[in-house]
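Here is the structure we will look at, set down as structure tokens.
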Amino acid sequence: MDLIKDFKQAGQEHVFKFFDKLGKPEQAELLKQLEQVDLSELERLNNELVFNGGTAEKNINFSELKPAPYQALPKDKDADPAWAEAKNIGEKAIRDGRLAVFVVAGGQGTRLGFNAPKGCYKVTPVKQKSLFQVFAEKILSASKKYGVRIPWLVMTSQVNDADTRRFFSENSFFGLDKDDVIFFSQGLMPAVDKNGKIILESKGKIAMTPDGHGGCLRAMCRSGALDELKKRGIDCISYFQVDNPLVNIIDPYFLGFHILGKSEMSSKMIPKAYPLEKVGHFCISDGKLTVVEYSDLPAQYQQMLDDSGKLKFIAGSVAIHILDRDFVERLGRKGSELRLPFHRADKKIPYADENGNTVKPDKPNGIKFEMFVFDALPMAKSPVIIEGFRGDEFSPVKNAEGVDSPLTCRNDQKKQFARWFKSAGVDIPLGENAVPLLDIEISPLFASNEEDFVKKWGNLNPKPEIRNGLYL
Ligand code: UTP
């Protein structure tokens, strides 16, 4: 069999160690899995990232590194000519049906430790809505406001695809037209041990892990999702992560700047909350816009001040982008000359012992290969960055406790709602760290930004009592 020969030639024949002991269906399953492995890509990654300890990954000349320029957030966006123009252009593009939204939801969510796709996690303070429901309602609200269908691409992985689809259908797609929700799975990569050998997870299965959020570019092309967007005349894709319910996924200002700048990929930056905050940094390296991760930027640079005493590298990346459809095609098409680099991550990967029994290791024993979507920025023509306000953009659920946890996220949602109430002239009592003492929630179906909230609230007659559990 050719496959066996190919694996032998690649020095990976150990994956057949238990082959003769498997029944016919298990053998077929294993062969199907092995067919997905691109052995030449694996050889390249082993050479680049495993055999030399991963040192080929980053080659940054820190002394030459510059902070990336960005469109700063004015006090009053609508009074600022550039922002007002962007809003007009962005709103027209939305009305013209040029926008799709795109959530990457193929991650494993190991830090949260939730036993289902992360998008099913309940996050809102009063109604306990899931992340997926919050996004669906933002889409519904914008569709109504702009009188247009806004398709939603949902990237899953083979691990959580069936559960994700089931969740949507059990919840009647949260009121969306199911033809406007386009699911597809990202790719998987084999995990290897420190010698570059594919890890056998059990007698008839190799360890395969999702290829990172950057895998979305290939997956959009391969799955036909991109063709579907083309068919619908959509050229702008609003990209966001599944763990952040605050994200403003249909933002006319951001879209307007992206279009005006003829940008192939645009990003939102949030000023870092403190010098060593664990976010990527937007920088110019070798003349190109690049995100340098906190783990790659020496602390002295993370803390460096500019002449005015502000943090020099202040622009934090929070994984909010707009992608141009043709750019995705250029990078994600099979055989494309441009491609995202892979990174190595050392992880605990379950493996088969001598007898073929699966063992869960208690320390990292293997290497996972992942692509990051922000690595597309240096390849994009005319990339644009605009500043966002953290309180209206970013509060992810990453960890079970502590920073970026369900509790901090719920508090940040309540703070956002209280701010909107304040703009409408209503004071919500605040406690420690300005967290509202009342559980309150504003549905995106009522208003999905401060301006719309103030208008809607003003017109509400009679107005509801401000109390614990208030839900609008
Ligand atoms: P994270 O980096 O937080 O990873 O993903 P994760 O897998 O969800 O969580 P941990 O690290 O295991 O705790 C950021 C975003 O990228 C998506 C996630 O679903 C999340 O929206 N992602 C990540 C993918 O879609 N695919 C991947 O392979 C990795």
Side-chain angles (χ1 to χ4, degrees), residues 36 45 101-121 123 130-132 134-135 152-161 163-165 167 182-191 207-220 222-223 225 237-247 249 267-268 277-280 291 293-295 316-321 323 328 332 340-350 364 366-376 393-406 408-409:
Q36 290 181 47
L45 296 179
V101 296
F102 173 31
V103 66
V104 285
Q108 294 176 303
T110 40
R111 283 170 286 173
L112 182 62
F114 175 56
N115 202 12
K118 215 189 215 181
C120 309
Y121 194 80
V123 279
S130 66
L131 285 153
F132 282 137
V134 172
F135 302 135
W152 184 11
L153 308 186
V154 180
M155 185 175 83
T156 61
S157 78
Q158 282 176 30
V159 181
N160 66 16
D161 185 72
D163 289 343
T164 304
R165 289 175 195 249
F167 189 70
I182 302 165
F183 297 98
F184 58 93
S185 280
Q186 69 180 106
L188 297 176
M189 288 296 289
M208 299 279 274
T209 57
D211 58 1
H213 42 68
C216 73
L217 304 180
R218 291 182 181 190
M220 267 194 268
R222 193 178 48 225
S223 64
I237 304 165
S238 166
Y239 168 105
F240 60 101
Q241 300 194 332
V242 75
D243 50 24
N244 177 22
L246 284 194
V247 59
I249 59 181
S267 302
K268 233 178 231 180
E277 189 182 8
K278 291 184 172 179
V279 290
V291 171
E293 287 197 277
Y294 66 89
S295 46
S317 166
V318 285
I320 302 173
H321 308 285
L323 296 159
V328 174
L340 295 187
F342 275 92
H343 300 254
R344 79 178 258 174
D346 291 55
K347 297 271 173 182
K348 295 180 223 166
I349 315 271
I367 292 158
K368 183 173 154 176
F369 300 111
E370 287 186 312
M371 288 177 279
F372 300 149
V373 76
F374 54 71
D375 279 331
E393 296 283 356
F394 187 58
S395 183
V397 177
K398 296 271 186 206
N399 307 304
E401 282 172 356
V403 287
D404 296 341
S405 65
T408 55
C409 180

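Each ligand, and each atom within it, is numbered from 1 in the order the structure gives. The chain is numbered in sequence order, starting from 1.
- Under a 4.0 Å criterion applied to the non-hydrogen atoms of G106, ligand 1 contributes the atoms 19 (O), 24 (C), 25 (O), 26 (N).
- Here F135 pairs with F240 under the ring-ring contact (aromatic ring centres under 6.0 Å, His included) rule; sequence neighbours left out.
- Against a heavy-atom cut-off of under 4.0 Å, Q241 is close to the following atoms of ligand 1: 14 (C), 15 (C), 16 (O), 21 (O).
- F372 has its ring centre less than 6.0 Å from the ring centre of H213.
- Considering only heavy atoms from C-beta on, K347 stays 4.5 Å or farther from P364 through its side chain.
- Side-chain contact between M220 and I237: present, with at least one pair of heavy atoms (C-beta onward) separated by less than 4.5 Å.
- Among protein heavy atoms, atom 19 (O) of ligand 1 sits closest to G107 N, 2.9 Å.
- The heavy atom nearest to atom 17 (C) of ligand 1, out of those in V104, T156, V159, is found in V104.
- With K398 as the partner, the side chain to side chain donor-acceptor pair (under 3.5 Å) test is satisfied by one option alone out of D243, N244, D404: D243.
- Contact atoms of ligand 1 toward V242: 19 (O), 21 (O) (distance under 4.0 Å to a heavy atom of the residue).
- Under the 4.5 Å side-chain criterion, counting only non-hydrogen atoms from C-beta, S267 is not in contact with S317.
- Between atom 2 (O) of ligand 1 and the options R111, M155, Q108, the minimum heavy-atom separation is to R111.
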Pairs under 3.5 angstrom only: tabulate donor-acceptor contacts from the side chains of residues 105-120 to other protein residues two or more places apart or in another chain.
{"unit_1": "Q108", "atom_1": "OE1", "unit_2": "K368", "atom_2": "NZ", "d": "3.2"}
{"unit_1": "K118", "atom_1": "NZ", "unit_2": "V397", "atom_2": "O", "d": "3.0"}

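- Among all protein heavy atoms, the one lying closest to atom 12 (O) of ligand 1 is T110 OG1, 2.4 Å.
- Ranking protein heavy atoms by distance to atom 26 (N) of ligand 1, first place goes to Q186 OE1, 2.7 Å.
- Looking only at side-chain heavy atoms (C-beta outward), F369 and H343 stay at 4.5 Å or farther from each other.
- Atoms of ligand 1 found under 4.0 Å from any heavy atom of K398 (numbered from 1 in listed order, with element): 1 (P), 3 (O), 14 (C).
- Looking only at heavy atoms of the protein, atom 16 (O) of ligand 1 is closest to H213 CD2, 3.5 Å.
- Close to ligand 1: G109, with a non-hydrogen atom less than 4.0 angstrom away.
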